[in-house]
Amino acid sequence: MRAENEARQRKVERISGGLRMVCKVVLAFWGVVAALMLWTFLVGRGPEFTGYNHVSFYTGELTVGGRLIVGGLCLATVGVAIKAVWHLHQLLGDCSRGEIFTQDAARQIRQWGIACMLWGGVKFAWVMLPRVASGVHLQRGQGEFGVGLMVNGLIIVAISWFMEMAAEMREEQELIV
Amino acid sequence: MRPENEARLRKIRRISGILRAGCKGLLVLIVIGYLMALVAVLADRGGSVGYFDLWFRISDLTPSGRLLVVAMSTLTSAVWMWCIYQLHQLFGNYSRGEIFTREAVGHLRQLGVACVLWGVMKIGWVGVLCALSTRPMGPMQVGAEIIPIGLLVIVAAWFMDMAVDLQEENELTV
């Protein structure tokens with residue numbers, strides 16, 4: 001490999017390694033958030049908790065059923081965030097090994113796109129929450145339905161599908177050569 | 001080329017052709033929407049205009065407020081068109097079987113930039129709402145997840161660009 005290419009490869013490895021570290025920190029952060037949320041919903045009587053997407057509630061005012069619903073949605077939100085960051089972490093792992101145009105990298109991009117779509121779904125669920133759980137209020141202004149995120153996720157999934165097909169074709173051709 | 005690969009390539013061409021047609025339809029819709037908003041604001045026959053679920057009653061707007069809304073509408077429509085145009089071009093590359101090429105990666109990067117600008121416009125509209133509102137506004141939440149998504153697309157495209165460099169040089173060496 002030429003010297004410039006080696007330097008490029010090292011740069012890719014260094015930067016993706018750094019970004020992977022950031023992903024690890026973000027994953028740890030979301031883990032702590034999930035633990036705090038569980039504690040809040042199981043035993044908390046705390047003050048107003050501002051939810052997500054313009055939704056707010058007092059934890060102490062929620063019924064047992066309400067706590068279960070809101071807690072479940074909070075965990076789903078954290079779960080989707082963790083999924084998105086995890087696939088990004090894996091994608092950066094592929095990049096750090098120089099495996100950028102591979103089937104695995106394309107699959108990680110697709111999973112990331114799916115996480116974006118799920119995030120849109122979670123946003124929609126938050127807006128719908130006041131209708132199913134008493135004591136939960138939609139703040140002034142409207143919540144967003146998350147359609148834009150779903151469309152974005154869908155585009156990312158479509159792009160990754162093309163990439164996966166191309167990577168599959170290339171890998172097959174390389175085997176023939 | 002093996003028959004399975006030829007079939008795959010045909011599939012890629014067919015689907016990207018359909019998605020390109022979808023992009024063209026979206027571009028037409030954006031232009032129509034923009035013209036409708038423009039006529040509504042300038043003609044001042046009542047009604048409301050809205051972007052990103054933020055609505056403005058036209059009769060409540062002052063002349064300078066109207067100008068601001070028109071300017072923001074123009075910018076927002078331009079960003080949307082830029083975003084869809086990049087997607088259209090990207091699918092054009094795919095339909096020619098050019099998936100891991102510098103041009104395709106360039107469109108992907110531009111798409112990421114357009115996503116970031118999309119998020120910035122969303123925040124901008126909240127600013128316009130605060131500026132034009134006659135009543136005092138409290139703190140507002142803005143869902144701008146599209147900005148980090150755009151930034152990540154830019155980073156992914158940057159890695160791909162590097163990979164294209166490496167790939168082209170390797171091909172030349174062989």
Side-chain angles (χ1 to χ4, degrees), chain A residues 1-2 4-6 8-9 11-12 15-16 19 50 52-55 84 88 91-92 94-96 98-102 105-106 108-109 112-113 116 119-120 123 139-146 148-149 151-153 155-156 158-159 161-170 172-173 176-177, chain B residues 1-2 4-6 8-9 11-12 15-16 19 26 52-55 83 87 90-91 93-95 97-101 104-105 108 111 115 118-119 122 126 129 137-143 145-146 148-150 152-153 155-156 158-167 169-170 172-174:
Chain A
M1 194 187 280
R2 283 174 56 182
E4 304 100 81
N5 273 358
E6 270 179 21
R8 269 185 203 132
Q9 190 108 47
K11 199 174 174 186
V12 168
I15 295 176
S16 49
L19 290 171
T50 304
Y52 178 56
N53 204 10
H54 302 265
V55 171
L88 201 61
L91 177 66
L92 290 166
D94 285 331
C95 291
S96 69
E99 299 164 6
I100 299 173
F101 295 145
T102 59
Q108 298 300 342
I109 292 175
W112 188 56
C116 283
W119 192 262
K123 266 191 130 171
Q139 283 175 332
R140 183 181 53 75
Q142 299 168 340
E144 291 170 24
F145 288 104
L149 273 169
V151 173
N152 272 310
I155 291 168
I156 293 169
I159 289 171
W161 178 81
F162 285 118
M163 284 178 175
E164 197 178 353
M165 290 270 253
E168 211 176 330
M169 281 163 61
R170 168 190 283 182
E172 229 162 75
Q173 268 174 354
I176 292 169
V177 171
Chain B
M1 195 185 277
R2 286 174 57 182
E4 305 100 78
N5 278 355
E6 271 181 19
R8 271 187 201 132
L9 209 45
K11 201 174 173 186
I12 288 177
I15 296 176
S16 49
L19 292 172
L26 274 177
F52 302 113
D53 284 337
L54 299 170
W55 291 87
C83 188
L87 207 57
L90 186 66
F91 288 137
N93 285 132
Y94 289 175
S95 69
E98 298 163 6
I99 297 174
F100 297 141
T101 61
V105 169
L108 200 62
L111 192 67
C115 284
W118 189 310
K122 210 170 170 184
V126 174
L129 184 71
M137 309 273 292
M140 288 187 82
Q141 277 186 33
V142 188
E145 296 92 344
I146 198 164
I149 291 176
L152 291 172
V153 170
V155 171
W158 180 78
F159 280 125
M160 286 178 187
D161 199 42
M162 293 275 237
V164 169
D165 275 345
L166 289 164
Q167 179 178 283
E169 221 158 86
N170 280 346
L172 282 173
T173 309
V174 170

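Labels below follow one simple rule: chain letters A, B, ... track the order of the sequence lines, proteins then strands, and each chain is numbered from 1.
Between B/Leu90 and A/Phe162, the closest side-chain pair of non-hydrogen atoms is not below 4.5 Å. Within the 4.5 Å cutoff, the side chain of A/Leu149 has heavy atoms near those of the B/Ile149 side chain. Taking 4.5 Å as the limit, every side-chain heavy atom of A/Asn152 sits out of range of all side-chain heavy atoms of B/Trp118. The shortest distance between side-chain heavy atoms of B/Ile15 and A/Met165 does not fall below 4.5 Å.
Between atom CD1 of residue A/Ile15 and atom CE of residue B/Met162 there is a gap of 6.0 Å, rounded to the nearest 0.5 Å.
Residue B/Ile99 touches chain A through its side chain alone, counting heavy-atom pairs closer than 4.5 Å. For a residue to count as touching a neighbouring chain, one of its non-hydrogen atoms must lie under 4.5 Å from one of that chain's; by this rule B/Phe52 does not touch chain A. For B/Val164, the parts sitting under 4.5 Å from any heavy atom of chain A are the backbone and the side chain alike. Residue contact with chain A, scored on non-hydrogen atoms closer than 4.5 Å, involves the side chain of B/Tyr94 exclusively.
If you tally non-hydrogen atom pairs under 4.5 Å between each of A/Leu91, A/Ile155, A/Ile159, A/Ile156 and chain B, the highest count goes to A/Ile159. The residue among A/Ala84, A/Ser16, A/Ala105 with the most heavy atom pairs within less than 4.5 Å of chain B is A/Ser16. Considering only heavy-atom pairs separated by less than 4.5 Å from chain B, the leading option among A/Ala167, A/Gly98, A/Cys116 is A/Ala167.
The nearest pair of heavy atoms linking B/Glu145 to A/Trp119 is OE2-NE1, 3.3 Å.
With sequence neighbours left out, B/Trp158 forms a ring-ring contact (aromatic ring centres under 6.0 Å, His included) with no residue at all.
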